[in-house]
Amino acid sequence: MSDIHASAGRTTVETARVGHPLLSLALASMMDDVGAHSGAVYLLAPDEPVLEMAVMAGLPRSFAAPWERVGLSAPVPVSEAVRGQRLVWVSGEEQMARRYPRIAVVLPYPFALAALPVATRDTTYGAVFLTWPGSHPPELSERERDQLTSACDRLAKRLRRAEEEGRPVLPEPDLSAPSATMVAGTLGTVEAARMVARLPYGMCALDLHGRITFANAATAELLGIPVSGLLGTQLWVSVPWLNDPAYEDRYRAALMSQHVTSFVALRPPSDWLSFRLYPGTNGLSVRISRARAVAEAEHASRVEGPGRLVTIHHVLALASALTEAVSVQDVVDLVADEIVPAIGGQALVMYGSRAGRLHVLGHRGYADPHLVERFDGTPLTAPMPGAHALTTGVPAFFESRQQLEHLYPVRRDTPDGLNAWAYVPLIASGRPVGTWVLGYAEPHPFPADERAVLTSLSGLIAQALERALLYDAKHQLAHGLQQALLPHSLPSIPGIEAASRYLPATRGMDIGGDFFDLVLSHGRASAVIGDVQGHNVTAAGLMGQIRTAVRAYTTVGQAPQEVMSSTNRLLIDLGSELFASCLYLRLDPAHGTAVMARAGHPPPLLRRPDGKVRVLDLAGGPLLGIDAAAAYPTTEVALTEGSVLVLYTDGLIESPGVDIEDALAHLGERLSTAGERPLEWLADRLVRETEAAEERADDVALLLLRATGTAG
């Protein structure tokens, strides 16, 4: 590969101009050789990895304005051609949308493109791109490849020679600017111009910038502006009622695709005019006539339909809101609440893909949800507009049911009450991640400016959706991990009735390190509850390790204080930066006692059979994972028949603005008044207020133990 950063004697764009139009001649020759209708030459900037456009031909330079200067790492064809030192070919609209979505958003027209490096064996000077109409075959012919490669090699050698002769190259004048030759080429001979002037319909010529270079008398009469007021002006500027992005888009579409395009416009107050645009390499010719009644009716029905566009306020509001969206449902809700009403739509569907099939991520506005859900699992190869938009990255707009059913007859058996649709791909990180579908109750036109807004919005939505899909996947994985680490059920222990509850935090990924367990080993019952610092997968994983360790040390017969000390040393040996609180107790139902060891955990509550509740004052040691030499003394507590022991984590009693002592007293009151109720009912009662809270900053674990007096 040649050195794209070579600096010694390399061609720059900041030194003296070469004595002849080297770049423009080379570009024009390339375009003629392969029948391209536009192209540009880039030169490598002197002291930075940037390509700068030096000359462009065949199209207004404004079409390529976003790519006047591009970094070598940019996701555009000329940069890719230089990075890989190879020809880059983009066969058409679908491939452009899939590989270079940023270009497809700005230039959503059918055209093919080739980009090549301009380089010798040891030095890269720049790059070239050329474009063809969308009718070009899907592959370059061998002749075209050879001619382009040879032309770029010749240009590189000429640049080297100019460099060696002290004549480095600068950017040249814009080849798309109008010239006398261009005007003559458009008009032909003087006699031909006179003949055009006598035509009964309007005839005018536009240069590549849309400026009028010729207009006959009929044009002036139809537009209501004298020829002198038209020449040299852009059609949509000099004619106020043509100042609509939709009409300018037709001009851009004709130049980019080199296909004949047309539109119908209303000249106030009631004259409908038909405009037909015939493109050429130097501009285009426009035929203007009075519209037929059919065209009038069609256009009238379009302009009477809903035409509200998303305003900049909606765009900013959506962008701000999407930064806060966490889950896929958040994204669906935001789009449904912020965009669908602003556009005037009535329904929304958002698709993703899974294992080669469509996956319905969410929907809104359908009276019968089954009409949408029936498409869940549809193969991406199926002839469905949602699947096609997702796989190709190309949007599709259907102004009426007839348009949709003509291309997709399978939709005829879907009576959803809608009559217009926009299928817009959601492209993030250069690949489609989904499709959003807007549905309208009535036929709806999609002018160019509205299509551009919807396509641009799709970029914001796609980024949020990509984040949300990743979050949901991690969330599902984390919850599966946590559910696997927590006990699915509690063992039956003679003399002890037990109930438990677990509530994850509502912040973050809704998982955490709270845990509990009830273990029966060698005829002895033990209970444990704890809280690992954090609310993430790491905390959940460490929680599983601690719970497993406690079970292991219990099984081998260690005393409560030994279980705590062994678990503490294990946590330190694991090298984790997280700490954990823990409360461990050995139950002896036959003798009505419990021996407890505590490591920085909130003290349990004990309700006696007479309804009195007290907070147990237990001896204890520091949090697990701090001091390898820490000791954890034990406390023996009487657990008479009918007593209820409440073990909990701090999420049950901690909430913003509430004093912990007050919260603990409130918990004791509920326990006192309801302690005789069935234990499952009591567990629900104790977590009800926390569960109903809109937001929980911490996880909640609860383990209730009641002495039944039926042991052994």
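- With hydrogens and angles disregarded, a donor-acceptor distance shorter than 3.5 Å links the side chain of Arg83 to the backbone of Ala74.
- Within the 3.5 Å criterion, the main-chain N or O of Pro603 finds a donor-acceptor partner in the side chain of Tyr648.
- With contacts defined as side-chain heavy-atom distances shorter than 4.5 Å, the pair Thr567/Cys582 does not qualify.
- For Thr635 (side chain) and Ala619 (main-chain N/O), a donor-acceptor pair under 3.5 Å exists by modelled atom type.
- Closest heavy-atom contact between Ala468 and Val328: CB-N, 3.5 Å.
- Under the 4.5 Å side-chain criterion, counting only non-hydrogen atoms from C-beta, Leu574 is in contact with Gln545.
- Gln533 contributes a side-chain N or O that, together with a main-chain N or O of Phe579, makes up a donor-acceptor pair within less than 3.5 Å.
- A pairwise comparison of heavy atoms in Ala597 and Tyr632 identifies CB-O, 4.3 Å as the closest pair.
- Thr391 contributes a side-chain N or O that, together with a main-chain N or O of Ala387, makes up a donor-acceptor pair within less than 3.5 Å.
- Contact check for Val550 versus Val519: no side-chain heavy atoms found under the 4.5 Å cut-off.
- Between the Tyr351 side chain and the Gly362 main chain, no donor and acceptor come within less than 3.5 Å of each other.
- Contact record, Leu518 with Arg551: O-NH2, 3.8 Å, taken as the closest heavy-atom pair.
- Counting heavy atoms from C-beta on, the side chains of Thr708 and Glu641 never come closer than 4.5 Å.
- Counting heavy atoms from C-beta on, the side chains of Ile660 and Asp650 never come closer than 4.5 Å.
- When every heavy atom of Leu418 is checked against every heavy atom of Ala347, the shortest pair comes out as CD1-CB, 3.9 Å.
- Within the structure, side chain to side chain donor-acceptor pair (under 3.5 Å) contacts touching residues 573-590 (residues at least two apart or in different chains) are Ser526-Tyr584, Ser526-Arg586, Thr554-Tyr584, Ser581-His601, Tyr584-Arg586, Asp588-His591.
- Looking at Leu438 and Val424, their side chains never come closer than 4.5 Å, going by heavy atoms from C-beta outward.
- Within 6.0 Å of atom CZ in Arg354, 12 or fewer heavy atoms from other residues, nucleotides or ligands are found, so the atom counts as exposed in its surroundings.
- Of all the heavy atoms in Leu380 and Ser353, the pair that sits closest is CD1-CB, 4.0 Å.
- Put simply, the side chain of Asp330 gets close to the backbone of Ser327: a donor and an acceptor are under 3.5 Å apart.
- Between the Arg364 side chain and the Ala336 main chain, no donor and acceptor come within less than 3.5 Å of each other.
- Sorted by first then second residue, the side chain to side chain donor-acceptor pair (under 3.5 Å) pairs that include residues 658-677, not counting sequence neighbours, are His666-Glu689.
- In terms of modelled atom types and a separation under 3.5 Å, the side chain of Asn568 and the main chain of Asp627 share a donor-acceptor contact.
- In this structure, Leu454 and Pro395 have side chains that are not in contact, with every pair of non-hydrogen atoms separated by 4.5 Å or more.
- The environment of Asp610 atom CG is dense: over 12 non-hydrogen atoms of other residues, nucleotides or ligands sit within 6.0 angstrom.
- In this structure the side chain of Val528 never reaches within 4.5 angstrom of the side chain of Arg547, judged on heavy atoms.
- Side chain to side chain, Thr649 and Asp531 fail the donor-acceptor criterion of an N or O pair below 3.5 Å.
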